[in-house]
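Data block below; observations after.
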2 protein chains.
Amino acid sequence: MADVAKLAGVSSQTVSRVANGQAGVVESTREQVLAAMRELGYRPNSAARSLRYGRFNTLGVILFGLSSTGNSRTVEAIATHAAAEGYAITLIPVGAPTQDNVLGAFTRMGELAVDGVIVIIEVHLLDAATPALPPGVHVVVVDSDAGERYPVVDTDQADGARQAVRHLLELGHPTVWHIAGPAESYSAERRALAWRTVLEEAGRPVPPVGRGDWSAESGYRAGLELPPACTAVFVANDQMALGVLRALNEQGRRVPADVSVVGFDDIADASSYLPPLTTVHQDFAEVGRRCVEALLEQISAGPGGPGTDLVPTHLVVRGSTAPYRGGAAP
Amino acid sequence: MADVAKLAGVSSQTVSRVANGQAGVVESTREQVLAAMRELGYRPNSAARSLRYGRFNTLGVILFGLSSTGNSRTVEAIATHAAAEGYAITLIPVGAPTQDNVLGAFTRMGELAVDGVIVIIEVHLLDAATPALPPGVHVVVVDSDAGERYPVVDTDQADGARQAVRHLLELGHPTVWHIAGPAESYSAERRALAWRTVLEEAGRPVPPVGRGDWSAESGYRAGLELPPACTAVFVANDQMALGVLRALNEQGRRVPADVSVVGFDDIADASSYLPPLTTVHQDFAEVGRRCVEALLEQISAGPGGPGTDLVPTHLVVRGSTAPYRGGAAP
DNA sequence: GTCGGAAATGTTTGCGTAAACATGTGTGCC
DNA sequence: GGCACACATGTTTACGCAAACATTTCCGAC
């Protein structure tokens, strides 16, 4: 900066004024400074700026991994909206979901230059970790039941699951089976709970729950366990539903003629499954947007209270569901 | 830091020494300082550190989006390995692939506190943009033909495509059709070129190329165009292959009995397609790892020359390919 | 012409850290 | 006992920037 000032024949303060587009610099001077900047290839040093302002214009994101479609789409939306607000994103992935790893990630984040943190992680691992964050750092949590302690943004999992199960009941199926995600996952539990509640409210029998780990492969294995009596199944995500379709296909059971299948997420591929999957649409981009919004609000206006902001879902009916035809196999 | 020093009854310099684990501090003093740090919840300010050192310990990543499986897995690997080396990741997504957007991303990145940049973007958009980066910032490029000007890390696209096409020819198919990715994509072009070359070398006719945009939906549309004479098709990625499977299924053509299909990427879901997809396995994690390695090498040892580092691929044979049976439909 | 005041520009200062240099403190050796 | 030297700790300074305050310049009104 000093070099630019010297070359332009002005003080460094004037350079600073030009760099920040402040008023009070006469046109001719501004021109000269800009020319000098170009000539020397001057870039403002963001570290010095941060030091001066006490702000970093950076948001941290802590998550388990980008491998799930939901996470990666949420992160993408976060990055996009943060960029639009002049913020950069710093990513810290946590390897295995252990207390130690999570704590380590928060500690690292605490040492990093971030103004706020978005946490995409199960809450039970979170409690021990947040104290590792410095006091000034704000937090928004995605996809967990931390609503009593932190601001939370989440998809309306329960309502989505309700829509799925009701759709199947309305088609006449006597009851609906469920293949859930991993027990540690809060979304998985909420979807399972909503499924159970709808069945109970409708006075239908509640079949035993199948389990997967969100992967198509695990859905395939769980699908093989589905008994012949099953005519309708609500699967906790689209990828497991893909596995279920394969399992049913291998067993010679036709979808949707013999068995109706509903997924959750509405990933891009779901419309190309065999048959195209009826599923619950989840608006990941909106979740990401609201996270950034809530966090920036906190940063500028001070900590908002806890509470949960739910993004609505809706059912997308495609070819994998059909009316009940009175029996399992024809 | 001054507060800690006061509380511990030492100078700030001693605090600094303790914070950085430097020698020359007697045990009792160190204890006192550590205690004071804990009491005050002291955190070193990374902005000041960066200012002092001229290093940020941050790597930038510029990409189009996280929606493709490949990108998100590569980014995940980059983040993981960078974290292991004590570096954080700053993400800048580029919306639409226009010259302006790319330039904007590079400009923003130039103003950000990064020591190096990993670019996951088509090269023809890259040329106009890199000058926007400050001189001291190192660059590694993924998935492009920039090998003559930048260090490039990439999957061995050509070899993967060759393996796919040869596999189909070895099964006895007279020739192999191809559904390519978008023409702007360099990987798409390389896969298409390798496909054409193998056919020409084998003296087989080269059918017209189908086109998609990587999405399952576009694969479906391209799949509907496949003529009855087609008995083998190499699709440029797994998701489009999923669409092709659906198109063939709708037309009553069985896979692999009537038509053999090979994909590219080996995404997690591919083994659960109907039928499980034969595809070219791509090691995204390794690509990410090598990127970080190359970039850190540059940062510590000065700019390495251009050149391309190819990560090998291998064919995974599953259920979507079968020997040629002498005719298109039985 | 002189004076007031607004606008343009310059100077000083401090953000938190750590290197470089300066000072103190004790130890062992002759 | 005095001296040198190693080691622990303190003081000064600079990193790049911009707010706060200081100075200069120029204009119009009287």
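Side chains included, hydrogens not; waters and symmetry mates left out as well; all remaining heavy atoms used. In what follows, chains carry the letters A, B, and so on, assigned in the order in which the sequence lines appear, proteins first and then strands, with residues in each chain numbered from 1.
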Side chains of A:Trp214 and A:Pro182: does their closest heavy-atom pair fall under 4.5 Å? yes
If only atom types and distance count, is the side chain of A:Asp156 paired as donor or acceptor with the main-chain N or O of A:Val311 below 3.5 Å? no
What is the separation between atom CE on B:Met1 and atom P on C:dA19, rounded to the nearest whole Å? 11 Å
If you look only at pairs with a residue in residues 57-67 of chain A, which of them pass as a salt bridge (Lys or Arg N to Asp or Glu O under 4.0 Å), with sequence neighbours excluded? none
What is the distance, rounded to the nearest whole Å, between atom CD of B:Gln22 and atom C1' of D:dA8? 13 Å
Could you give the angle between the helix axes at the two ends of the helix from C:dG1-D:dC30 to C:dC30-D:dG1, with five pairs per end, rounded to 10 degrees? 50°
Just verifying a value: how many Å separate B:Arg52 CZ and B:Ser50 OG, rounded to the nearest 0.5 Å? 12.5 Å
Without swapping roles, check the side chain of A:Asn45 against the backbone of A:Ala47 for a donor-acceptor pair under 3.5 Å. yes
Should A:Asn45 be listed as having a side-chain N or O under 4.0 Å from OP1 or OP2 of D:dC15? no
Does any N or O in the side chain of B:Thr14 come within less than 3.5 Å of the main-chain N or O of B:Val10, such that one atom is a donor and the other an acceptor? no
Return the value, rounded to whole Å, for the distance between atom CG of A:Asp3 and atom C1' of D:dC17. 14 Å
Heavy-atom donor-acceptor pair, A:Ser300 side chain to A:Leu296 backbone, under 3.5 Å: yes
In whole angstrom, give the distance that lies between atom CG of A:Leu40 and atom P of D:dG16. 13 Å
Measure from the side-chain N and O atoms of B:Thr29 to the backbone N and O of B:Val25, and report whether any donor-acceptor pair falls under 3.5 Å. no
Short question: side chain of A:Gln298, backbone of A:Val139 - any donor-acceptor pair under 3.5 Å? yes
Counting side-chain heavy atoms from C-beta on, which of C:dT9, D:dC17, D:dA18 comes nearest to A:Ala48? D:dC17
Scan residues 7-17 of chain B against DNA chain C and write down, sorted by residue number, each residue with any heavy atom closer than 4.0 Å; if none is found, say none. B:Gln13, B:Ser16
Do A:Val75 and A:Leu91 touch side chain to side chain, with heavy atoms closer than 4.5 Å? yes
Does B:Leu310 offer a backbone N or O that forms a donor-acceptor pair with the side chain of B:Asp154 under 3.5 Å? no
Short side-chain to backbone donor-acceptor contact, B:Ser185 and B:Gly181, under 3.5 Å: no
Minimal non-hydrogen separation, B:Arg30 against B:Val18, with atom names: CA-CG2, 4.2 Å
Salt bridge present between A:Glu286 and A:Arg289 (N-O < 4.0 angstrom): yes
Is there a donor-acceptor pair under 3.5 Å between the side chain of A:Asp115 and the backbone N or O of A:Thr58? yes
Determine whether a donor-acceptor pair (N or O, by modelled atom type, separation under 3.5 Å) exists between the side chain of B:Ser72 and the backbone of A:Ser72. no
In numerical order, the residues of residues 51-58 of chain B whose heavy atoms come under 4.0 Å of DNA chain D are B:Leu51, B:Arg52
N/O-N/O pairs, protein side and nucleotides 23-25 of chain D side, under 3.5 Å:
none

For DNA chain C, the residues among residues 27-39 of chain A that have a non-hydrogen atom under 4.0 Å from it: A:Thr29
